[in-house]
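Single-structure report; data block below.
Chain letters run A, B, ... following the sequence lines, proteins first, then strands; residues in each count from 1. Note that the coordinates shown come from a computational prediction; the quantities given were computed from them, not determined experimentally.
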Amino acid sequence: MTNSSAVLNQKSFYEEGNTKAKSGLAAWIFSTDHKRIGLMYLSAIAIFFSVAAIIGIFMRLELISTGKDLMDAQTYNTLFTLHGVIMIFLFIIPGIPAVFGNFFLPLQLGARDVSFPRLNLFSFWIYITGAILVLLSLVLPGGPIDTGWTFYIPYSVRSGTNISLAIFAAFVLGFSSILTGINFITTVHRLRAPGMSWFKMPLFVWATYATAWIQIIATPVIAITIVLVIIERLFGVGIFDPSLGGDPILYQHLFWIYSHPAVYIMILPAMGVVSEIIPTFARRTIFGYKAIAISSLAIAFVGYLVWAHHMFTSGMSDTARWIFSLLTFLVALPSGVKVFNWVATMYKGSIDPKPPFLWVMNFIFLFSIGGLTGLVLGSLVTDVHLHDTYFVVAHFHYVMFGGTGTIFFAALYYWFPKIFGKMYNIKTANIGVALFFVAFNLLYFPKFILGYMGMPRRYYDFLPEFESLQFVSTVGSWLMLITLILIIWNLMHGILRGRKSESNPWGGVTLEWHTSSPPPLENFKVIPEVKHEPYDFSQLEDMKND
Amino acid sequence: MAHTEKKHHITPYSTYIIVWLALVIFTSITVTVAGISLGTYTLLVALFIAAIKSALVINIFMHIKFDESIFKVFLILSGTTLFVIFLLTFFDFLYR
């Protein structure tokens, strides 16, 4: 295998690029190196996440007490729509696959790059184009959209805001997602290192592979739906709007046929990261490797069969309601397989509770709450009571922010020394994890109770009996803001002034840890030959001796 | 990975023309059936004809019939997913 000492004197990908320009902006924006593209995604996504988070803080400020505090109802409608659109389409869907998938998929496979490097760069620029279109929809005449991120019919056909442009932006972003998916699937099929059979692939690769299939199969559905909405808005063709003879429930079907699998585009790569971090910090091979690998594919498949659980109160048939409720419970099985296997991996392991591992502990706790409350919403009886309340908002944020968001940070903390060749302050990182846990629960747990009490989502005002819990949630948002600033500051300080890290500070054994940190331009001096299982820690001694 | 030169299948023009004519005929049938009142079955017949047309285009025009089996696996996977999506949507549409 390529050993670390052999590549110690190699130039890193920061020092050696593959563009005509040797340095400066052009060396990045025209680079087809998967690592540079991953970092460009990281920069863009970090900006969008910050913007959407700040919008969230303003929304919570408005909700600090009853009545109008900071903004009127229309502004609030616009803000919650923007918060959703930016977080979903610009942060959490591309998040882990685009940043860490791009950076680590070829490294973990033992490849020099993805199969189609130019297509990869093209995907990034399509993503940026989509983001620019979203921004344009805010400032052009007509004003920012106010429909919520779900663009439900008939309001989205009748609203005078820039719906057509905003959903066209989602259409464009979808293409970026599809092209990335095609690239990753081809890379996994064609560029695995010699000796790396399917069941020797790291579990992050398995998760990214399953995600790529969802990106390819599900995304065209939303693209077609968007085109139909635009046709309806521009030409008055009655497809979805009941006043024109259309079927609004058909829109919801089509929207969720994409958007529910999209939830798995968001969470599956995160589960892959968890499967990387736990064995490394428990110093133990993963328990149930094949079960975890296949459960990723199972989640990807079953994820297609449950979309209408978002529509239990929409007026669809009773037959469909009980069928989709039943199918929804099936998703819990492969998800449970993963969680139990992670916990079993830790059992009798030699646990080293470093920040990435602590983030994963946060994830297991928060995601379990998110997942189990999902079953409450998947049951017909309880969903009728809780539909469109804060309970849904809390569930969604526990799964998405507590799940994927938490693992985004875990992945950053885990692969930080590999990406930047430096180390952040461990103590500050630990404080960040602890504060995040407190802030998160303070911010979102009251919403479960508020939802149960009947507080509807997407309202800028509320009844006086909800005031105290709304206040607690707003205080949580302030603590969350402080925590995020601390986390980002620690990472930025690490990048700029952090001490130089060892090549393999955590003792990982997957292929990315077999090359220098940061890796050279084409990742490996010699393409490694895989002789071990992916989480066989007996090779660690050999790696040190090499 | 070793590359082996594979012989590409060349489809004669006559096959393309026959398939094109078949597509035109099937389109005419779809339009005709739409005018006959078959109730719920109108949609099923239209989907059935569309499926045959897709199979012709995929196999002949897109050369899948003559390509590696992995592409057939990919297509069957996508096609099955689409079928399941249709089937589940019909549990709403037919019983509403």
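Contacts of B/Phe74 with chain A are made by both backbone and side-chain atoms, with heavy-atom separations under 4.5 Å. Contact annotation for B/Ser78: both backbone and side-chain heavy atoms come within less than 4.5 Å of a heavy atom of chain A. Only the side chain of A/Leu327 comes within less than 4.5 Å of a heavy atom of chain B; its backbone N, CA, C and O stay farther away.
Of the candidates A/Phe151, A/Tyr251, A/Tyr152, A/Phe240 forms a ring-ring contact (aromatic ring centres under 6.0 Å, His included) with just one, namely A/Tyr251. The ring-ring contact (aromatic ring centres under 6.0 Å, His included) test with A/His189 is passed by exactly one of A/Phe184, A/Trp213, A/Tyr209: A/Tyr209.
A donor and an acceptor atom, one from each side chain of B/Tyr16 and B/Trp20, are nowhere located under 3.5 Å apart. A/His309 and A/Asp383 share no donor-acceptor pair across their side chains, judged by distance under 3.5 Å alone.
Note on A/Ile185, A/Ile249, A/Asp318: by heavy-atom pairs under 4.5 Å with chain B, the leading option is A/Ile249. Chain A forms the most heavy-atom pairs under 4.5 Å with one residue out of B/Leu82, B/Val84, B/Leu77, and that residue is B/Leu77.
A/Asp247 has a carboxylate O that lies under 4.0 Å from a charged side-chain N of B/Arg96, or vice versa, which qualifies the two as a salt bridge.
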